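Worksheet for the structure shown next.
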There are 2 protein chains.
Amino acid sequence: MAGPQGSGMNIGEIARRAGVSRSTVSYALSGKRQVSDATRQRIQDVIDELGYRPNAAARALAEGRTRTVGLVIPPASKRLTHMQLDFVASVVEAAAQADLDVLLSPSGGEHERSFERLISESRVDGVILMEIRIEDARVNRLREARLPFVGIGHPAHDPQMCWVDVDYAGLISHCVRHLADLGHRDIALLNRSPELVATGYGPGHRARAGFLQAVEEHGLTGTELLCGDDARSGQECISRLLAEQPQVTALATINEAALPGVQRALDEAGLQVPRDFSLTGIVASHWAEDFRPPLTAADVPAGEMAARAMSLLIECIRRPAAPPEHVLMSPPITLRNSTAAAPTFHRSR
Amino acid sequence: MAGPQGSGMNIGEIARRAGVSRSTVSYALSGKRQVSDATRQRIQDVIDELGYRPNAAARALAEGRTRTVGLVIPPASKRLTHMQLDFVASVVEAAAQADLDVLLSPSGGEHERSFERLISESRVDGVILMEIRIEDARVNRLREARLPFVGIGHPAHDPQMCWVDVDYAGLISHCVRHLADLGHRDIALLNRSPELVATGYGPGHRARAGFLQAVEEHGLTGTELLCGDDARSGQECISRLLAEQPQVTALATINEAALPGVQRALDEAGLQVPRDFSLTGIVASHWAEDFRPPLTAADVPAGEMAARAMSLLIECIRRPAAPPEHVLMSPPITLRNSTAAAPTFHRSR
DNA sequence: TTGTAGGCGTTATCAC
DNA sequence: GTGATAACGCCTACAA
């Protein structure tokens with residue numbers, strides 16, 4: 001098994017050495033027509049000996065497909081969250097399962113060139129688009145390019161595209177009801193950063209909507225906190241909340257990166273979870289389990305989302321005319337140990 | 001500007017509409033020979049109108065290069081660390097800067113197929129290989145394939161390959177000296193997981209070597225802790241250490257994921273950093289700054305490593321015969337607030 | 001300054 | 001069962 005990409009290492013060379021024509025080698029490899037066992041074996045021997053693999057570009061050119069999918073990630077400047085990371089890894093895994101390769105592309109900011117290359121140079125057969133905004137120009141761009149794609153997240157109005165999303169509104173609303181059932185009357189929503197929500201970040205908007213609706217439905221008082229995606233912001237946010245609104249006894253969150261700070265703020269205030277303060281939300285299981293005590297929360301199923309997105313994409317590629325499918329995931333709320341009945345006496349300021 | 005990948009959308013179509021030959025269009029695009037301003041403009045107009053972009057596969061086939069680099073990441077099963085994540089994002093960023101695309105490939109475990117595709121189907125012009133082991137089969141595989149590559153990390157003996165690494169041995173040794181200067185006599189090294197180190201994970205081995213050497217040099221007593229890459233393992237590890245070896249007053253770490261647990265264990269034991277216990281190590285700045293108090297530590301410069309690796313790779317691609325270059329980075333230890341003079345009295349068990 | 005033509009390595013449609 | 005041969009879309013000598 002010598003080095004593959006040597007000099008004249010192509011299907012013709014294999015054919016020559018095996019004493020057959022190029023087409024026979026091609027068919028022996030693809031299995032798209034009968035090849036006698038004897039010749040197939042002869043060909044295979046030569047291939048094994050030389051370590052030959054067909055050239056991907058030539059194949060893509062001839063077949064009209066690349067066996068590659070694009071994954072558009074948010075730009076690196078804003079550090080990716082752990083959930084996003086899990087997602088990237090899971091997409092790669094799911095693609096590998098289907099013998100597809102993954103071409104990564106940042107988008108937003110400086111990186112339009114990379115995105116344009118991806119979609120308009122026929123580098124990929126389809127695209128998975130992360131972090132879709134409520135109004136997202138890239139969606140139109142992809143449609144223009146007639147490229148099959150699946151969104152992670154969904155824009156405001158678009159029955160015409162495939163997407164996979166988590167039901168942030170429904171789940172947060174569920175969390176609020178859970179807290180209401182436990183007797184909490186004043187609760188807060190720990191949302192993502194102000195900038196993110198301002199630029200139309202779907203989960204932020206939908207969590208807010210679900211929160212407001214549920215708060216009203218149950219006659220509660222609700223406070224929304226927009227909080228940076230890091231521990232320090234979380235600590236500041238919660239410290240301020242505890243100081244300024246001591247009547248608040250519970251919190252729902254979608255901001256996992258802030259959790260270590262939340263923990264510190266509660267510790268510093270001498271509050272015990274769940275005795276003095278209840279906590280729940282939508283969080284990658286990793287973060288939920290690392291909290292003390294472990295969080296009762298809906299675990300964002302990054303792996304399953306990636307797998308569903310990939311099979312949706314494969315389907316979109318196979319049948320471009322098929323009606324778009326949506327998957328709105330509503331993972332169960334895992335009961336751990338961070339919510340309890342509201343404390344009987346209010347904390348004083 | 002209509003949809004690009006329509007039906008007959010290729011360089012010939014552009015040529016036809018502009019009333020020139022295909023080669024003229026090609027040259028107008030590449031600039032590899034003079035084209036009169038008039039025709040160039042006419043061609044450009046047609047291109048703009050139709051939104052044409054050359055087909056990547058055809059170009060790769062003709063040029064013999066793909067304008068794509070491969071990034072081999074550890075498999076998703078073992079969750080990527082934050083540092084690795086930063087690194088992936090930074091590589092993509094650096095590649096985009098050079099107008100290169102990035103093909104992602106998991107490796108190890110189930111994913112040999114993906115790795116083999118990457119290196120033997122001419123899908124990429126070069127490879128960045130993350131998480132190199134002290135003995136790493138992939139290195140030989142890449143060399144066999146004659147594919148330019150750059151390692152993040154370096155194997156035990158290999159002057160023949162390009163790599164970028166952090167000087168774990170030197171930095172940990174530096175940390176130990178710092179602690180020794182502060183009067184600590186019993187210190188510990190919080191290493192990565194036993195499995196990782198057992199499979200020849202370079203940073204683990206080199207941190208250990210630097211630790212042992214420095215401990216001996218300064219006449220200290222050292223304990224090495226192999227600890228899982230998560231908060232719970234960190235907490236268990238440190239709790240046990242504090243209980244079993246109360247004479248230990250300082251710790252150096254390369255296990256950032258364990259830090260939240262380290263913090264909890266110290267809190268639970270009622271120890272204050274740095275008054276009662278000093279902490280330092282090699283950690284992505286993100287984690288160092290999220291600790292309370294912020295850690296005095298060498299910040300792993302993921303962004304710069306990625307940039308250096310990318311330019312090394314570009315150089316390897318340009319001149320495959322050039323002697324291999326190495327970059328051993330030794331980022332400065334950022335003074336924050338987690339180390340102080342050793343406590344005068346030993347803690348009791 | 002521009003056009004012609006051959007080749008890059010596959011796949012796939014014909015014939016045999 | 002197997003071989004020629006024409007695409008696939010682009011690049012680039014070689015001519016003009």
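The chains referred to below are lettered A, B, ... by the order of the sequence lines, with proteins before strands, and numbering in each begins at 1. In this text the structure is predicted, and so the values were computed from the model without any measurement.
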For residues 58-65 of chain B, tabulate all N or O donor-acceptor pairs below 3.5 Å that involve a side-chain atom, not counting sequence neighbours.
| from | atom 1 | to | atom 2 | distance (Å) |
| --- | --- | --- | --- | --- |
| B/Glu63 | OE1 | B/Arg67 | NE | 3.3 |
| B/Glu63 | OE1 | B/Arg67 | NH2 | 3.4 |
| B/Glu63 | OE2 | B/Arg67 | NH2 | 3.2 |

Original post:
Counting only side-chain N and O atoms of B/Ser36, is one of them less than 4.0 Å from OP1 or OP2 of C/dT1?
Top reply: no
What donor-acceptor contacts under 3.5 angstrom involve side-chain atoms of residues 24-34 of chain A, with partners at least two apart or in another chain?
| from | atom 1 | to | atom 2 | distance (Å) |
| --- | --- | --- | --- | --- |
| A/Thr24 | OG1 | A/Ser21 | OG | 3.2 |
| A/Ser30 | OG | A/Ser26 | O | 3.3 |
| A/Ser30 | OG | A/Lys32 | N | 3.2 |

**OP:** For A/Ala98, enumerate each residue passing the side-chain contact (heavy atoms from CB on, under 4.5 Å) test, keeping only those at least two apart in sequence or located in another chain.
**Re:** A/Leu100, A/Ile314
Taking N or O atoms only and anything under 3.5 Å, show me the protein contacts with nucleotides 5-8 of chain D, one pair per line.
| from | atom 1 | to | atom 2 | distance (Å) |
| --- | --- | --- | --- | --- |
| D/dC8 | O2 | A/Ala62 | N | 3.4 |

Original post:
Do the side-chain N or O atoms of A/Thr39 get closer than 4.0 angstrom to the phosphate oxygens (OP1, OP2) of D/dT2?
Top reply: yes
Original post:
Taking only N and O in the side chain of B/Thr24, is any of them less than 4.0 Å away from OP1 or OP2 of C/dT1?
Top reply: no
Subject >> Protein-nucleotide distance (A/Leu29, atom CG; C/dT11, atom C1'), rounded to Å >> reply: 11 Å
Original post:
Under 4.0 Å: is that the gap between some side-chain N or O of B/Tyr52 and OP1 or OP2 of D/dC10?
Top reply: yes
**OP:** Check for a donor-acceptor pair, side chain of B/Ser311 on one end and backbone N or O of B/Ala307 on the other, with a separation under 3.5 Å.
**Re:** yes
Original post:
Would you say D/dC11 has OP1 or OP2 under 4.0 Å from some side-chain N or O of B/Lys32?
Top reply: no
Original post:
Considering residues at least two apart in sequence or located in another chain, which fulfil the side-chain contact (heavy atoms from CB on, under 4.5 Å) criterion with A/Ala94?
Top reply: A/Met310
Original post:
Is any side-chain nitrogen or oxygen of B/Ser21 closer than 4.0 Å to OP1 or OP2 of C/dT4?
Top reply: no
Original post:
Would you say the base of D/dG9 and the side-chain of A/Arg59 have a donor-acceptor pair closer than 3.5 Å?
Top reply: no
**OP:** Specify the angle, to 10°, made by the local axes at the two ends of the helix from C/dT1-D/dA16 to C/dC16-D/dG1 when five pairs are taken at each end.
**Re:** 40°
